[in-house]
Asker: 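First the structure, which I've put down as structure tokens, then a few questions once you've had a look.
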Amino acid sequence: MTFNLPTDHLLLGSCDYPEHVPQDRWAPYAAQQRALGLSYVRLAEFAWSRLEPAPGQYEWAWLDEAVETSAAQGLKVVLCTPTATPPAWLVRAHPEMLAYDAQGRVREFGSRRHYDFASPVYREHSRRITRALAERYGQHPAVAGWQTDNEFGCHATSRSYGGASAGRFPEWLREKYGTLDALNDAWGNVFWSMEYSDWAQVRPPNLTVTEPNPSHLLDYARFASGLIAEFQAEQVTLLRELSPGRFITHNFMIFESGFDHYEVARGLDFASWDNYPTGMLEFFAPPGVNEALKTRYARTGHPDLVGFNHDLYRGVVGRGVWAVGKDSTPQPTAHSPQPGFWVMEQQCGPVNWAPYNALPAPGATALWTAQAWAHGADTVSYFRWRAATMAQEVMHSGLLRHDETPSPGHAEVGALDQTQFPLGPVPAKVALLHDYESLWLYDAQPHAAGLSYWAQTVTYYSALRSLGADVAVVHADADLSGYAVVVAPAVTLVGPERAARWAAAMEGGAHLVCGPRTAFRTPGGGTWEGGQFGPLSDLLGARLSLYDSLRPGLTQGVSGLGASFEAHTWAESYRPLGAQVLATYAGGPLNGEAAVIRRGQATVIGAHSEALIGAVLAEVLTTAGVPVTPLPEGVRLSRRAGQVLVQNWNPEPTEWNGRMLPPVSFQVLPEADHA
Ligand code: GAL
């Protein structure tokens, strides 16, 4: 089942807010959108106060008109449930629906996302407004599909630390553990006398004197993630019933960590995400992205930070096995997920929310669009049609400026030849394994200020991309058949089932590369009694020896693979028990210990060194038959549907493969003509 307009190439859209402008602008805007080559318009994700200005008093006339105006131009509409912005009358009538921040304070009305996913009364109103909208527009011929809510987790709203969530957490624990003994045992609460003797004693893991127990954190993150999945599933169920044949998606965020996206994406037809490359570099870049790099890519964003998110969201729905052993999750629907994804909000000028909000480089909007296509996007929809003239986002750009004249981004969109971007599969032979539970555990105890789950993961991703490889980011429990190389950069939580899946992938011929801290932690959040690598010990033929946290300027030498390397930030060593040693530490407290080990087709890299990681991955890819094309800084290749997209993200012309690539530019070439 495919949900796109009949097309064999990328389609474009934009996010529009008719409720923000006088009605006499609607028809000209729709005509201009069509003339620009747009196919979709997204409407109404924050419009609740206009759709229902008073309890039960629905005002559909304006949205009817807005939908008809778009339809008259042949545009298809993506409608949204407006639940990210409950109106003031609802909040004041039910203040118990509000969420609490980690400092224990109520998060007040006056912006957006002011609700607790666990609130029964808010759930009721979320279902009510969803039903009302779906009854009104569910079968409208111009409505192509639905977006649920808007950016779950935005503004740190995945977890509430009081109110309804806090009230429900003990119930969730009781359901999961059955007895307090089991809970105390699973969390290791004997430590610091944290044992509970009544369920009601358990609170969310905030406001503790020093760090909370990571097992407590892990379960709270699981609990909160399950609430988001439940909240969305209620909307999805109604939309399925009342709007048959339309797609349902959600616009996920850049590097959002607050919930398990595989769990929440379950039941959607495809994922969407909101791509703001320059804001991402300034605001969401993982530790390790240094100031020089931020300055270099200030006007484009970094190709691999963007590429990683594309490759993540391409795989977040439908790439198989959803996490095993989940609690309070909805059942998958019968709708078969399609490959591909949408960029629901694509930056096309400066944003307003980063510490610095640079003008994008000439060519950047076109380059971002082309990259999204090459990584599997079926539609790219720009945020927003016209720059807002009121409220919080007046500093944000749009395809039209405040005065309605076209922005530079508009000109770039207009110049795109959409037929240049055929739909089709992304031929990745490399799977990069990802797991939100590992993320939560890792980031609860990073042990080195320069490191995080994303930093370690993106370092491996970037190494693969700079070798010219296409990458699929997949869940750590996904079906791995068909991949030649499987890379687990930071999957620190590995239980016996996961270990068995990886072993099966290797029996099927895959090569496995693991980063530091792989299989260090149990599903409960502790460490394995037998030490790292727990259930992977036999497969990897080694045990952890020592780990070292390196402050900036403190480095650790490594020698092996015919070269010397310098590790920074993190170095761990292994005691081989059957594995061969490919590289050893040189100097310092780890001198002579194993830094890189291999058993069969499984390799473990213990040191954080970009050069070492690149060298090991290049060797493994070559052995596995995946073509390696070392690329200069800022040059990237991405393949889709028999084409290769050659990209130059550098602010200067860059020579590659005998050709001079203009700054911030791309070319689409037939893959056959090109290695
Ligand atoms: C997104 C959000 C939009 C808008 C945009 C500005 O995170 O979904 O509503 O705020 O950022 O860049």
Side-chain angles (χ1 to χ4, degrees), residues 99 101-102 107 113 117 149-161 165 204-206 211-212 214-229 231-232 250-266 271-276 279-289 302 304-313 315-316 322-323 326 329 353-354 432-461 473-476 488-493 515 517 521 525:
D101 72 7
R107 304 196 75 183
R113 301 216 52 74
F117 289 99
D149 203 283
N150 189 80
E151 290 191 341
F152 291 135
C154 186
H155 315 305
T157 54
S158 298
R159 297 169 201 163
S160 170
Y161 293 91
S165 282
N206 63 319
E211 61 180 307
S215 300
H216 186 179
L217 274 180
L218 178 62
D219 265 343
Y220 202 68
R222 287 170 169 151
F223 159 72
S225 181
L227 290 177
I228 299 176
F231 177 88
Q232 178 178 249
H250 175 76
N251 58 335
F252 295 103
M253 289 181 70
I254 303 158
F255 290 118
E256 169 56 38
S257 306
F259 59 92
D260 185 331
H261 288 50
Y262 297 94
E263 179 181 25
V264 173
R266 187 190 294 191
S272 303
W273 78 287
D274 296 344
N275 182 20
Y276 294 96
M280 162 158 40
L281 185 66
E282 290 286 355
F283 197 79
F284 289 103
V289 179
H302 191 280
D304 299 331
L305 299 184
V306 185
F308 177 84
N309 282 276
H310 285 315
D311 291 340
L312 164 64
Y313 288 116
V316 95
W322 290 302
K326 289 285 184 185
T329 55
W353 42 263
L432 184 135
L433 303 187
H434 169 45
D435 166 41
Y436 289 91
E437 296 186 333
S438 289
L439 187 166
W440 298 328
L441 273 179
Y442 194 119
D443 287 0
Q445 294 170 309
H447 210 67
L451 217 48
S452 71
Y453 175 90
W454 288 131
Q456 192 165 307
T457 300
V458 170
T459 298
Y460 280 71
Y461 177 84
V473 177
V474 301
H475 191 273
V491 184
T492 198
L493 188 164
R517 292 190 241 191
R521 310 294 288 265

Asker: Between Tyr262 and Gly315, which heavy-atom pair has the shortest distance, and what is it?
Answerer: CE2-O, 3.9 Å

Asker: Can you sort out the partners of Ser215 under side chain to side chain contact (heavy atoms under 4.5 Å, CB included), two or more places apart, ordered by chain and number?
Answerer: Trp187, Asn213

Asker: Run the salt-bridge test on Asp260 and Arg222 with the 4.0 Å N-O cut-off and return the result as yes or no.
Answerer: no

Asker: Could you grab the distance from atom CD of Glu263 to atom NE2 of His475, nearest 0.5 Å is fine?
Answerer: 9.5 Å

Asker: Which residues satisfy the ring-ring contact (aromatic ring centres under 6.0 Å, His included) test with Tyr461, sequence neighbours excluded?
Answerer: Phe308

Asker: Looking at residues at least two apart in the chain, or sitting in another chain, which of them share a side-chain hydrogen bond (donor to acceptor under 3.5 Å, both in side chains) with Tyr276?
Answerer: Glu345

Asker: Between Arg113 (side chain) and Asn150 (backbone), is there a donor-acceptor pair under 3.5 Å?
Answerer: yes

Asker: Enter the distance from Ser438:OG to Arg521:CZ here, rounded to the nearest 0.5 Å.
Answerer: 9.5 Å

Asker: For Glu282 and Ala354, which heavy atoms make the closest approach, and how far apart are they?
Answerer: CB-CB, 3.7 Å

Asker: Quick one: does Leu433's side chain get under 4.5 Å of Val474's, heavy atoms only?
Answerer: yes

Asker: What is the minimum heavy-atom distance between His261 and Phe252, and which atoms define it?
Answerer: CD2-CD2, 3.5 Å

Asker: Taking all atoms of both residues into account, what is the closest heavy-atom pair of Tyr460 and Gly515, and its distance?
Answerer: OH-CA, 3.4 Å

Asker: Verify, without hydrogens or angle tests, whether Asp101 (side chain) and Arg107 (backbone) share a donor-acceptor contact under 3.5 angstrom.
Answerer: no

Asker: List the residues meeting side chain to side chain contact (heavy atoms under 4.5 Å, CB included) with Ala221, not counting sequence neighbours, and say none if there are none.
Answerer: Arg159, Trp440

Asker: Please check this pair: side chain of Thr492 against backbone of Arg517, looking for a donor-acceptor N/O pair closer than 3.5 Å.
Answerer: yes

Asker: Are Leu305 and Phe284 packed together at the side-chain level, in the sense that at least one heavy-atom pair is separated by less than 4.5 angstrom?
Answerer: no

Asker: With sequence neighbours left out, write down each residue that passes side-chain hydrogen bond (donor to acceptor under 3.5 Å, both in side chains) with His434, or none if nothing qualifies.
Answerer: Tyr436, Tyr453

Asker: CZ of Phe283: more than 12 outside heavy atoms within 6.0 angstrom?
Answerer: no

Asker: Could you pull out all residues at least two apart from His447 that satisfy side-chain hydrogen bond (donor to acceptor under 3.5 Å, both in side chains)?
Answerer: none

Asker: Sequence neighbours left out, what passes ring-ring contact (aromatic ring centres under 6.0 Å, His included) with His310? Give chain and number order.
Answerer: Trp273, Phe341, His375

Asker: Tell me every residue that passes side-chain hydrogen bond (donor to acceptor under 3.5 Å, both in side chains) with Ser452, counting only those two or more places apart in sequence or in another chain.
Answerer: none

Asker: I need the Asn251 CG to Asn275 CG distance, nearest 0.5 Å.
Answerer: 12.5 Å

Asker: With Leu217, which residues qualify under side chain to side chain contact (heavy atoms under 4.5 Å, CB included), at least two apart?
Answerer: Pro205, Pro212, Ala444

Asker: Rounded to the nearest 0.5 Å, what separation is found between the OG1 atom of Thr459 and the CG atom of Leu451?
Answerer: 7.5 Å

Asker: Applying side chain to side chain contact (heavy atoms under 4.5 Å, CB included), can you list everything that pairs with Ser165, at least two apart in sequence or on another chain?
Answerer: Asp116, Ala118, Ser160, Tyr220, Phe223, Leu227

Asker: How many angstroms lie between CG in Leu439 and CD in Glu256, if you round to the nearest 0.5 Å?
Answerer: 9.5 Å

Asker: Sorted by first residue and then second, give each salt bridge (Lys or Arg N to Asp or Glu O under 4.0 Å) pair with at least one member in residues 304-313; sequence neighbours left out.
Answerer: Asp304-Arg636, Asp311-Arg314, Asp311-Arg465

Asker: Tell me every residue that passes ring-ring contact (aromatic ring centres under 6.0 Å, His included) with Phe152, counting only those two or more places apart in sequence or in another chain.
Answerer: Phe117, His250

Asker: Any chance you could measure Asp274, atom CG, to Asn309, atom CG, to the nearest 0.5 Å?
Answerer: 10.5 Å

